[in-house]
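First the structure, in the form of structure tokens, and then the observations on it.
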There are 2 protein chains.
Amino acid sequence: MALAGLSRRERQIMEILYRRGKLPVSAIREEMQDAPSYSAVRSLLRVLEEKGHVKHQAEDLKYVYMPVVHADKARRSAVKHLMTTLFGDSPEQVVAALLDVASKRLTREELDRMAAMIEKARQEEK
Amino acid sequence: MALAGLSRRERQIMEILYRRGKLPVSAIREEMQDAPSYSAVRSLLRVLEEKGHVKHQAEDLKYVYMPVVHADKARRSAVKHLMTTLFGDSPEQVVAALLDVASKRLTREELDRMAAMIEKARQEEK
DNA sequence: AGCATAATGCTAAAAAATCAGCAGGAGGCG
DNA sequence: CGCCTCCTGCTGATTTTTTAGCATTATGCT
């Protein structure tokens with residue numbers, strides 16, 4: 001539920017932070033599509049901090065911002081949200097869409113690892 | 001890109017429409033979390049229609065609303081967006097998160113079908 | 001020291017999203 | 001008919017989001 005419920009810009013920033021980890025304001029701004037002014041980015045971060053989504057620490061004479069909720073948890077939460085809202089809670093359908101979208105870039109090795117993950121899940125299931 | 005870029009309420013409505021297909025205003029409202037007034041829902045739909053995300057047709061003496069972009073396309077687009085923004089473009093990581101989140105509900109049959117999908121992708125890859 | 005650069009703190013305005021209200025039309029039913 | 005219910009068309013207000021500006025401080029460099 002973390003990412004859903006945020007505004008457009010807020011989400012944009014959170015996605016950047018989850019991708020890159022820990023960044024100063026200027027770097028966040030550079031990653032943004034149609035980046036607004038430096039001040040605007042800072043305001044967004046201030047709001048996100050008030051809401052408890054990010055925290056900052058001083059480093060190298062400036063602030064670096066990072067998510068409060070760990071990336072893994074946020075990712076799982078986002079996948080779950082996607083699965084329930086658009087795929088009728090069917091993991092299978094998600095995999096189908098995923099393979100469809102990513103097929104071009106998929107190497108045999110990646111496919112093997114995915115198969116292994118599923119095999120492992122089967123073991124645990126049983 | 002369709003769903004990203006929408007506001008909170010707009011997304012909420014689009015998700016409902018993709019889940020349920022084609023609905024009159026009252027039904028959409030009933031599906032909404034913290035549903036606002038009937039008027040508010042209609043305003044949102046009007047805006048979504050102006051932006052080209054939904055269309056409506058008369059049916060049973062009232063309007064039913066539906067997405068303009070087909071569900072499959074929207075789903076693929078959403079998965080892709082999720083994969084690139086939160087998973088560094090790694091389909092593998094998405095599958096890992098998915099299995100983690102859904103593991104409890106996964107039956108052997110579902111896992112088998114997923115494995116089959118991956119096997120099929122391997123064939124086409126080679 | 002003097003100046004340019006790059007931060008922050010604080011503030012407020014502009015734009016977009018969200019919400020609600022009222023008038024009017026059509027159907028159902030006593 | 002008269003009344004109630006459910007819908008639409010239209011409009012405007014409130015709230016949130018998004019943006020920018022200015023003052024100040026610290027650093028590095030000439």
Side-chain angles (χ1 to χ4, degrees), chain A residues 1-18 20-68 81 85, chain B residues 1-18 20-69 78 81 85:
Chain A
M1 275 293 203
L3 285 193
L6 295 185
S7 72
R8 195 178 71 91
R9 285 299 202 195
E10 287 170 346
R11 243 178 306 143
Q12 200 178 358
I13 288 180
M14 292 308 294
E15 288 169 349
I16 289 169
L17 288 178
Y18 278 122
R20 303 281 315 278
K22 181 192 291 188
L23 293 175
V25 181
S26 56
I28 293 173
R29 176 161 186 266
E30 282 161 12
E31 294 261 336
M32 290 176 83
Q33 283 275 324
D34 310 309
S37 73
Y38 187 86
S39 293
V41 179
R42 283 192 309 134
S43 291
L44 287 164
L45 286 165
R46 182 172 38 72
V47 172
L48 281 169
E49 190 153 33
E50 281 168 9
K51 292 188 184 173
H53 292 100
V54 305
K55 60 187 174 185
H56 73 268
Q57 63 191 33
E59 186 167 298
D60 253 359
L61 297 176
K62 61 194 165 190
Y63 291 169
V64 290
Y65 286 83
M66 68 208 81
V68 166
H81 184 259
T85 54
Chain B
M1 281 290 206
L3 284 194
L6 295 185
S7 69
R8 195 178 70 92
R9 285 299 202 195
E10 288 170 345
R11 244 179 305 143
Q12 201 179 357
I13 288 180
M14 292 308 293
E15 287 170 352
I16 289 169
L17 288 178
Y18 278 123
R20 302 281 316 277
K22 181 193 290 189
L23 292 176
V25 181
S26 55
I28 293 173
R29 176 161 187 266
E30 282 161 11
E31 295 260 337
M32 291 175 83
Q33 284 276 325
D34 311 308
S37 74
Y38 187 86
S39 293
V41 178
R42 283 192 310 135
S43 290
L44 287 164
L45 286 166
R46 182 172 37 72
V47 171
L48 280 170
E49 190 152 33
E50 280 168 10
K51 292 187 184 174
H53 291 102
V54 305
K55 59 187 173 183
H56 73 267
Q57 63 191 35
E59 186 168 297
D60 253 358
L61 298 176
K62 61 194 164 189
Y63 291 169
V64 289
Y65 286 84
M66 69 207 81
V68 166
V69 173
H81 183 259
T85 55

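Letters A, B, ... mirror the listed sequences (proteins, then strands); counts begin at 1.
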(message) I'd like to know if the side chain of B/E50 and the backbone of B/V47 have a donor-acceptor N/O pair within less than 3.5 Å.
(response) no
(message) Does B/R46 reach a base, just sugar-phosphate, or nothing at all? Heavy atoms under 4.0 Å.
(response) base
(message) Between P on D/dT16 and CG on A/L44, what's the gap in Å once rounded to a whole number?
(response) 16 Å
(message) Nearest whole Å is fine: how far is C/dT5 C1' from A/K62 NZ?
(response) 12 Å
(request) Report which part of the nucleic acid A/S7 touches: base, sugar-phosphate, or nothing (heavy-atom distance under 4.0 Å, all strands). (result) sugar-phosphate
(message) Using whole Å, what does the distance between atom P of nucleotide D/dT15 and atom CZ of B/R8 come to?
(response) 15 Å
(message) Using a heavy-atom cut-off of 4.0 Å across all strands, would you classify A/R42 as base, sugar-phosphate, or nothing?
(response) base
(request) Kindly compute the distance separating CG (A/L23) from CD1 (A/I16), expressed to the nearest 0.5 Å. (result) 8.0 Å
(request) Find the distance between CZ (B/R8) and CD1 (B/I13) and round it off to the nearest 0.5 Å. (result) 11.0 Å
(request) Answer yes if the side chains of A/E49 and A/H56 hold a donor-acceptor pair under 3.5 Å, and no otherwise. (result) yes
(request) Residues of residues 28-40 of chain A with any non-hydrogen atom less than 4.0 angstrom from an atom of DNA chain C: list those, numerically ordered, please. (result) A/Y38
(request) Report yes if a side-chain nitrogen or oxygen of A/R9 is closer than 4.0 Å to either non-bridging phosphate oxygen (OP1 or OP2) of D/dT19; otherwise report no. (result) yes
(request) Classify the side chain of B/S43 versus the base of C/dT18 as yes if they form a donor-acceptor pair under 3.5 Å and no if they do not. (result) no
(request) Just call it for A/S26: base, sugar-phosphate, or nothing, with non-hydrogen atoms closer than 4.0 Å on any strand. (result) sugar-phosphate
